Undergrad: 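Please find one structure pasted underneath; my questions will follow.
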Amino acid sequence: MTYASSFLSTLDARGFIHQITDPAALDAAAADGVVTAYVGYDCTAPSLHIGNLVSIMMLRHLQQTGHKPIVLMGGGTTKVGDPSFRSDDRPLLDDERIEANKASIRRIFERFLTFGDGPSDAIMVDNDAWLSKLEYIPFLRNIGRHFSVNRMLSFDSVKLRMDRDQSLSFLEFNYMIMQAYDYLELNRRFGCVLQMGGSDQWGNIVNGTDLIRRADARDAFGLTTPLITRADGAKMGKTAAGAVWLHEDSLPGFDYWQFWRNTHDADVARFMRLFTDLPLGEIETLTSADINHAKAVLATEATALCRGREAADAAAATAAATFAGGAGDDLPSFAVVGPVTILDALVGLGFAASKGEARRLVAGGGARIDGEAIADEAAMARPGARISAGKKRHGVLVSG
RNA sequence: GGAGGGGUGGCCGAGCGGUCAAUGGCAGCAGACUGUAAAUCUGCCGGGUUCGCCCUACGUUGGUUCAAAUCCAACCCCCUCCA
């Protein structure tokens, strides 16, 4: 369908929409006034990763089209653990850990959203504020009565565990109730009428809109994004090195930039629409001209959003210098005292997991010092040397 | 509850007393070709190594044997069929 509101038409044109509970009504609400919407994030790690980026961008578009984003931190729910589509229990984290993760994650959002007190300023709230204060009996009477266990058992997320005869603790079983309750709380406290999330959250989101209707007789909406995969079918954001983290402490800017630079041809236009602010017309122009150059633009723009323009330009400059044969400022470095063997340098820079692997790299002709291929594993490298493993991984030895 | 089948390296999946660090496929890494892409071809692909070997690994724990991923016992977990 075509949307009247700039919010939904933007999301639609850029490929964010998978399902909406009542598209026409939500569109009307968004065209009519300020819509307050939220996305929930858990605090199991100190950083979010690429998989969360779609919903973060959605909140950004929400704000830029005049609406109000709420970032809900699952400080309370993290103490329970989402059993959805997981085969194993998640480890439970202690309060201290959760607090530290929350603080760290907030810094990411500050890059994408404007926080404050204005009508369309973003706010961040923690569901621990209400979840940990709940009283059991009142909760059961007021909220519990709206949930049918029969129906909860029919959700795929629960059925999966039941069918496998895997234990699903009562604690975890309550997760979906808490998420629905979060939505109700946000609706009451902030007039939040839209919950967004990945397509795997559809069931949980619908639970929330149902609860709001039953408990307070009000309408609320849900919107999910498609699962973003790469053109070759692989799940996005997994590299050999692990998850692609948004936080600079977990993944250096240069590596973040490189992740985007190495996007498959077929994904460039789609990723530009999803993960940059570039206007659609410009994306069209860029990707139909020189696809390889377009990737560099994608990398720089995506990095600028997440890490700042300066970090993006630095990464781009380092990449340009490095791939031209020089060395940029932003390369990974390894501090050494005096010369070390090529093997130690490779392991120290994280290019090889063990000396054996480093040996194989040298034997296979993949190791270079200052651009010179090294065939001898006993070769020494001095501080200041540029070490390369293959064509893409580069680092420098620094004195220290 | 009864009867079968199975748990092997990141994943899938062979092996079923020594020649097994374990065929093959996928993923990954490197080389060639390119565009820091894809496809294709080639090599590598548990750890250490003085390159002789050594260590750790085939669900868990014991046992048989000169020798076990392979045989036996117990236990744990998964799957299928019957009730």
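If you're wondering where the values come from, they're calculated on a predicted model, not measured in any experiment. Note on naming: letters A, B, ... go to the chains in the order of the sequence lines (proteins, then strands), and numbering restarts at 1 for each one.
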Undergrad: Of A:R393, A:H394, A:R368, which meets side-chain hydrogen bond (donor to acceptor under 3.5 Å, both in side chains) against A:S388?
TA: A:H394
Undergrad: Give a yes-or-no answer on whether the side chains of A:W130 and A:D182 include a donor-acceptor pair shorter than 3.5 Å.
TA: yes
Undergrad: If I take atom CD in residue A:E357 and atom P in nucleotide B:rG47, what distance separates them, rounded to the nearest angstrom?
TA: 7 Å
Undergrad: Under a 3.5 Å cut-off for both contacts, is B:rC71 paired Watson-Crick or G-U wobble with anything, and if yes, with which nucleotide?
TA: B:rG63
Undergrad: When you compare the side chains of A:S9 and A:D12, does any donor N or O come within less than 3.5 Å of an acceptor on the partner?
TA: no
Undergrad: Atom CG of A:N262 to atom C1' of B:rG28: distance rounded to whole Å?
TA: 15 Å
Undergrad: Which nucleotide in the list B:rA37, B:rC33, B:rA30 gets nearest to the side chain of A:K391?
TA: B:rC33
Undergrad: Below 4.0 angstrom from OP1 or OP2 of B:rG48, is there any side-chain N or O of A:S354?
TA: yes
Undergrad: Rounding to the closest angstrom, what is the interatomic distance between B:rC66 and B:rU49 at atom P?
TA: 36 Å
Undergrad: Can you tell me, in whole Å, how much space there is between the P of B:rU40 and that of B:rC26?
TA: 10 Å
Undergrad: Using Watson-Crick or G-U wobble geometry with both distances below 3.5 Å, tell me the partner of B:rU50, or none.
TA: none
Undergrad: Has the side chain of A:D290 got a donor or acceptor atom sitting under 3.5 Å from an opposite partner on the base of B:rG35?
TA: no
Undergrad: Using the P atom on both, measure B:rC71 against B:rG6 and round to a whole Å.
TA: 10 Å
Undergrad: Using a distance-only test with no angle check, is there a side-chain donor-acceptor pair under 3.5 angstrom linking A:S104 and A:H247?
TA: yes
Undergrad: Taking the side chain of A:R359 as its heavy atoms from C-beta onward, which of B:rU49, B:rU36, B:rC29 lies nearest to it?
TA: B:rU49
Undergrad: Which of these nucleotides, B:rC44, B:rU36, B:rA37, is closest to any side-chain atom of A:K295?
TA: B:rA37
Undergrad: Check for a donor-acceptor pair, side chain of A:K68 on one end and backbone N or O of A:D121 on the other, with a separation under 3.5 Å.
TA: yes
Undergrad: Mind calculating the distance between CZ (A:F323) and C1' (B:rG35) to the nearest angstrom?
TA: 12 Å
Undergrad: Touch check for A:T263, heavy atoms < 4.0 angstrom, all strands: base, sugar-phosphate only, or nothing?
TA: sugar-phosphate
Undergrad: When you compare B:rC53 with B:rG43, how far apart are their P atoms, in angstrom units rounded to a whole number?
TA: 25 Å
Undergrad: Please give me the minimum heavy-atom distance between A:F16 and A:R273, naming the atom from each residue.
TA: CE1-O, 4.0 Å
Undergrad: Check the phosphate of B:rG35 against A:R261, side-chain N and O only, distance under 4.0 Å to OP1 or OP2. Yes or no?
TA: no
Undergrad: Would B:rG52 be called syn or anti here, given the cut-off of 90° from 0?
TA: syn
Undergrad: Between A:R360 (CZ) and B:rC44 (C1'), how many Å, whole number?
TA: 7 Å
Undergrad: Establish, with yes or no, whether the OP1 or OP2 oxygen of B:rA37 is under 4.0 angstrom from a side-chain nitrogen or oxygen of A:K392.
TA: yes
Undergrad: Of the listed nucleotides (B:rU36, B:rC29, B:rC45), which one gets closest to any side-chain atom of A:L361?
TA: B:rC29
Undergrad: Indicate whether any N or O donor in one side chain lies under 3.5 Å from an N or O acceptor in the other, for A:N101 and A:R106.
TA: no
Undergrad: Rounding to a whole Å, what distance do you find between A:R393:CZ and B:rC29:C1'?
TA: 7 Å
Undergrad: Among B:rG47, B:rC51, B:rU36, find the nucleotide with the atom closest to the side chain of A:E377.
TA: B:rC51
Undergrad: Looking at B:rA32, which nucleotide sits across from it as a Watson-Crick or G-U wobble partner, both distances under 3.5 angstrom, or is there none?
TA: B:rU40
Undergrad: Over all strands shown, is A:A352 touching base, sugar-phosphate only, or nothing at heavy-atom distances under 4.0 angstrom?
TA: nothing
Undergrad: Regarding A:T300 and A:W257, do their side chains bring together a donor and an acceptor under 3.5 Å, going by distance alone?
TA: yes
Undergrad: Using the C1' atom in both, what is the distance from B:rC20 to B:rA57, to the nearest Å?
TA: 12 Å
Undergrad: For nucleotides B:rG13 and B:rC33, find the distance between their C1' atoms and express it as a whole number of Å.
TA: 33 Å
Undergrad: Roughly, in whole Å, what's the span from CG in A:L346 to P in B:rC29?
TA: 15 Å
Undergrad: Between A:W257 and A:R368, who's closer to the 5' end of RNA chain B by nearest nucleotide?
TA: A:R368
Undergrad: Whole-Å distance between B:rA37 P and A:H293 NE2?
TA: 17 Å
Undergrad: Roughly how far apart, to the nearest Å, are B:rU60 and B:rC11 at atom P?
TA: 14 Å
Undergrad: Rounded to whole angstroms, how far apart are NE2 on A:H264 and C1' on B:rU36?
TA: 13 Å
Undergrad: Using purine N1 to pyrimidine N3 plus N6-O4 or O6-N4 for Watson-Crick, or N1-O2 and O6-N3 for G-U wobble, both under 3.5 Å, which nucleotide pairs with B:rU80?
TA: B:rA3
Undergrad: Could you measure between the two C1' atoms, the one in B:rG59 and the one in B:rU8, and give it in whole Å?
TA: 10 Å
Undergrad: Would you classify A:K355 as touching base, sugar-phosphate or nothing, given that sugar-phosphate means primed atoms plus P, OP1 and OP2, and contacts are heavy atoms under 4.0 Å?
TA: sugar-phosphate
